[in-house]
Protein chains: 2
Amino acid sequence: MKKVLSIADIARKLNISITSVSFILNGKAEEKRISPELAKRVLKLVNDVGYVPNQLAKSLRTGKTNIIGLIVEDISNPFFANVARLIEENANDRGYKIFYCSSENNTIKTQELIKVFRERQVDGYIITPAAGIEKDIVSLLNNQAKVVLFDRYLPSINTSYVIVDNMGGSYKAMTHLIQQGFKNIGIVTLKSDQTQMQKRLEGYTLAMEEHGLKLCIKKIKFHDSTENIIDEIKDFISKNIKLDAIFFATNYLGVAGLEAIKQLNISITSDLGVLSFDDHDLFRLYSPSISVLAQPIEEMSENLINILLDHLDEEKESVKQIMLSPKLILRESTQR
Amino acid sequence: MKKVLSIADIARKLNISITSVSFILNGKAEEKRISPELAKRVLKLVNDVGYVPNQLAKSLRTGKTNIIGLIVEDISNPFFANVARLIEENANDRGYKIFYCSSENNTIKTQELIKVFRERQVDGYIITPAAGIEKDIVSLLNNQAKVVLFDRYLPSINTSYVIVDNMGGSYKAMTHLIQQGFKNIGIVTLKSDQTQMQKRLEGYTLAMEEHGLKLCIKKIKFHDSTENIIDEIKDFISKNIKLDAIFFATNYLGVAGLEAIKQLNISITSDLGVLSFDDHDLFRLYSPSISVLAQPIEEMSENLINILLDHLDEEKESVKQIMLSPKLILRESTQR
DNA sequence: GCTCTTGGCTAAATCGCTTTAGTTAGGTAA
DNA sequence: TTACCTAACTAAAGCGATTTAGCCAAGAGC
């Protein structure tokens, strides 16, 4: 088993001290008055033998890992995958690596992930908090950890976060539907107390009530299988024959909804208007194309990484809370 | 700044040695004859003060990080996102964490990622190799690193890998199209020398030639923007008016293809049969639904993690090369 | 009374790096 | 000649864990 080379091996081969090698490798040769000749010799050897520094040792010594822990709800959900991808790019450009994991919006899993991140000494955290995770976040903050929440926040904790104006967005979307002449508009959302879902429902409710329309709400159980969700939606549609439009509160409900509508052989637009939260390839390309309330994922990821890196730099605590506006993209499914 | 507690702090508080604390925390209390009473006291304190072990130090000492580096082409591509998700789950159950990154199928980026993984001392690597990465993989292997490739392999290197029978799959898909009566079948693929794309093209060619049909091939430049890809496909279809079916060699070409076809106002199935490599929500739900050659992602991820963990356990080198069969899923788009 | 066990615990080396506080040799200034 | 610089380099402590080798006291066996 060929042992992997350490800085000490390099020093030994050149008959110099470890210190010198370290200075040279860290670009401090001049500052520390190492002669250019020595620097050149070291760099050449390092390159020739393919020496790679051990970041574990480095981080242990310096207390910095240059790693950001990112917990998303589900990396196979295109919304989160895209945000993750953008955050990764952004972080990379600024010298940070992202360690990302899916929480499945499960409290226990999230707790475990936070523990793993702590053990690995990540420099900062970006988290889509699952319900019931308040204590763990507070504990992080108490330990001076740098945390930014996203997609949703925890009302009882004063942390930094980046979210979307869920209520305003939903209200805007609903207003559009109503202006198009839809009257019996239903919402399909999740049974959830989390802020993002609550606010989407509030936006729907507010718009409907302002126009004196009757509410028609379907709440789907969290973590239900796709098949069940489809069945639930079919059931909802069948039992509310007067429905003329549906607002889906999140992308996978929208996807399941399309499947349900297809199975029921209902024609979108002429029989039923459709609008969904979150954009998706499917919504863009579906026939008819589906109107959506798209989250500004570039802006979100940029804000997330900026805020977190700011926190890492500053000594004193500060809290930044950003609310971005989702964008209403009108397509065929809401055209009358 | 509240300092994070170390094992030494725990020992000091109880007036015992670091060694004892370490033994207890690692479940070696009995084996090392630590009295149950002491063990209990330590565990209680650890729990009360919320001590979390420093994995950096642990890994530095033991030489094991329990981290697997995973390089996929693009985490925002549903195929890779799903595989990543499954690998993560599998690895988790077996005590490993996944560190994943997107290579964008770019050689330089991949090299950098491999370097990062080496620096971070990952225990093993799962890589979708970009073109021209042979030297770097060989270098890894020379350093006794444990590596499994997937999605494609490097013919010049004898490594473990998990791939799909691209040629057989394509051949099967083409045979289906031909049996359905399609005669002027085109393929839209990527300009790429990588094995996966080559084999898909070979499968197409073989089937067509066996039936005496004329080839009609469109190769799209790698990393082209979605808009350009759509334009290229529109151009391809317009210039080959006799085409009666198209086989898309990978998911995002298929997605772009649907958009192109939609823009050209061509009716799928009656005017043009469509079949794509890789499954996708969009293909399942599109109207008409699109037939696909789906990769067995559960099986792939299981094999990947199993092979890698086997490698981690065994002393002697061994090479495992697995080829799985993709599954032809027939939908409306190829029904005549 | 003496040796041998064994139970219960610990000192110190080590992993690979950074960083502080030097050392040494040769040159200048007075 | 002596004191002081400076350029060029280095010894050793420390980050937080694991692990080897060993200490000490009390009881067992003869």
Side-chain angles (χ1 to χ4, degrees), chain A residues 1-43 46 49-67 116 118-123 143, chain B residues 1 3-43 46 49-67 118-123 143:
Chain A
M1 187 88 176
K2 198 161 124 192
K3 198 190 139 263
V4 41
L5 292 171
S6 76
I7 204 175
D9 298 315
I10 301 291
R12 203 171 308 121
K13 285 195 195 218
L14 292 175
N15 229 323
I16 59 173
S17 77
I18 294 180
T19 312
S20 300
V21 179
S22 174
F23 285 153
I24 292 166
L25 288 179
N26 288 296
K28 295 189 183 160
E30 241 180 306
E31 174 192 344
K32 299 292 184 178
R33 304 196 226 159
I34 303 291
S35 67
E37 298 81 53
L38 219 209
K40 214 165 292 170
R41 284 172 60 212
V42 168
L43 260 13
V46 159
V49 300
Y51 163 79
V52 173
N54 183 327
Q55 266 291 341
L56 296 179
K58 213 165 173 162
S59 295
L60 178 59
R61 181 60 231 248
T62 60
K64 253 218 134 201
T65 52
N66 280 287
I67 293 184
V116 169
R118 283 184 64 181
E119 290 176 349
R120 306 274 173 189
Q121 317 292 124
V122 302
D123 291 339
N143 284 286
Chain B
M1 187 90 175
K3 197 189 140 263
V4 43
L5 292 171
S6 77
I7 202 175
D9 298 315
I10 302 290
R12 203 171 307 121
K13 286 194 193 216
L14 291 175
N15 231 322
I16 59 174
S17 77
I18 294 181
T19 313
S20 299
V21 180
S22 174
F23 285 154
I24 292 166
L25 287 178
N26 288 294
K28 294 187 182 162
E30 242 179 304
E31 174 192 344
K32 298 292 184 180
R33 304 194 225 156
I34 303 290
S35 67
E37 297 80 56
L38 219 208
K40 212 165 293 170
R41 282 172 59 213
V42 168
L43 260 13
V46 159
V49 298
Y51 163 79
V52 173
N54 183 326
Q55 267 292 341
L56 296 178
K58 211 164 174 161
S59 296
L60 177 60
R61 181 58 233 250
T62 60
K64 255 219 131 201
T65 53
N66 280 289
I67 293 185
R118 284 184 65 181
E119 290 176 350
R120 306 273 173 188
Q121 318 292 121
V122 302
D123 291 339
N143 285 286

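Below, read A as the first sequence line, B as the second, and so on, with proteins coming before strands; counting in each chain starts at 1.
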> With a cut-off of 6.0 Å (strictly less than), are more than 12 heavy atoms of other residues, nucleotides or ligands near NZ of Lys64(A)?
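Result for NZ/Lys64(A): enclosed.
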> Would you give the length of the straight line joining atom CG of Leu5(B) to atom CG of Asn54(B), rounded to the nearest 0.5 angstrom?
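Answer rounded to 0.5 Å: 12.0 Å.
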> Tell me, with the steps shown, if Arg41(A) and Leu14(A) meet side chain to side chain contact (heavy atoms under 4.5 Å, CB included).
CA-CA 8 Å; Arg41(A) 284 172 60 212; Leu14(A) 292 175; 3.8 Å; yes
> How would you give the extent of chain B contacts on DNA chain D, as first and last nucleotide 5' to 3' within a 4.0 Å heavy-atom cut-off?
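With heavy atoms of chain B under 4.0 Å away, the range is dG16(D) to dT20(D).
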> Determine to 10° how strongly the helix from dG1(C)-dC30(D) to dA30(C)-dT1(D) is bent, judged from the axes of its five-pair ends.
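Inter-axis angle at the ends, rounded: 70°.
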> Atom CG of Leu25(A) and atom NZ of Lys58(A): how far apart are they, to the nearest 0.5 Å?
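Answer rounded to 0.5 Å: 7.5 Å.
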> Could you tell me whether Ser6(A) contacts a base, only the sugar-phosphate backbone, or nothing, with contacts defined as non-hydrogen atoms closer than 4.0 Å?
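Touches sugar-phosphate only.
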> Provide the closest heavy-atom pair for Asn66(A) versus Asp123(A) in the form atom of the first, atom of the second, distance.
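Where Asn66(A) meets Asp123(A) most closely, the heavy atoms are N-OD2, 2.6 Å.
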> Look only at the side chain of Asn26(A) and the backbone of Lys28(A), and say whether a donor-acceptor pair between them is shorter than 3.5 Å.
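Looks like no, no N/O pair under 3.5 Å.
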> Given that Lys28(B) and Lys32(A) both sit by DNA chain D, which one's nearest nucleotide is further toward the 5' end?
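Nearest-nucleotide comparison on DNA chain D picks Lys32(A).
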> CG/Leu38(B) to CD1/Ile16(B) distance, rounded to the nearest 0.5 angstrom?
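If I round to the nearest 0.5 Å, the distance is 5.0 Å.
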> Given side chain to side chain contact (heavy atoms under 4.5 Å, CB included), test Val52(B) with Val4(B) step by step and report yes or no.
CA-CA 9 Å; Val52(B) 173; Val4(B) 43; over 6 Å; no
> Could you tell me the boundaries of the chain B footprint on DNA chain C, defined by atoms under 4.0 Å from its heavy atoms?
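Listing 5' to 3', DNA chain C meets chain B from dT6(C) to dG16(C).
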> Taking all heavy atoms of Gln121(A) and all of Gln55(B), pick out the closest pair and write down the distance.
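For Gln121(A) and Gln55(B), the tightest heavy-atom pair comes out as OE1-N, 4.5 Å.
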> With DNA chain C as reference, determine whether Val52(A) or Ser20(B) sits nearer its 5' end, using the nearest nucleotide of each.
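The residue mapped nearer the 5' terminus is Ser20(B).
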> Measuring from Ser20(A):OG to Arg33(A):CZ, what's the distance to the nearest 0.5 Å?
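If I round to the nearest 0.5 Å, the distance is 13.5 Å.
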> More 5' along DNA chain D: Ile16(A) or Arg33(A), using each one's nearest nucleotide?
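That would be Arg33(A).
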> Using a 4.0 Å heavy-atom cut-off, does Thr19(B) contact any base of the nucleic acid, only the sugar-phosphate backbone, or nothing at all?
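Base, at least one base atom sits under 4.0 Å.
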> Side chain of Ser22(B), backbone of Ile18(B): donor and acceptor closer than 3.5 Å?
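No; judged by distance alone, with no hydrogens or angles, the pair does not exist.
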> For Ser35(A), which contact category applies under a 4.0 Å heavy-atom criterion: base, sugar-phosphate, or nothing?
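If one applies the 4.0 Å heavy-atom cut-off, Ser35(A) turns out to touch the sugar-phosphate alone, with no base involved.
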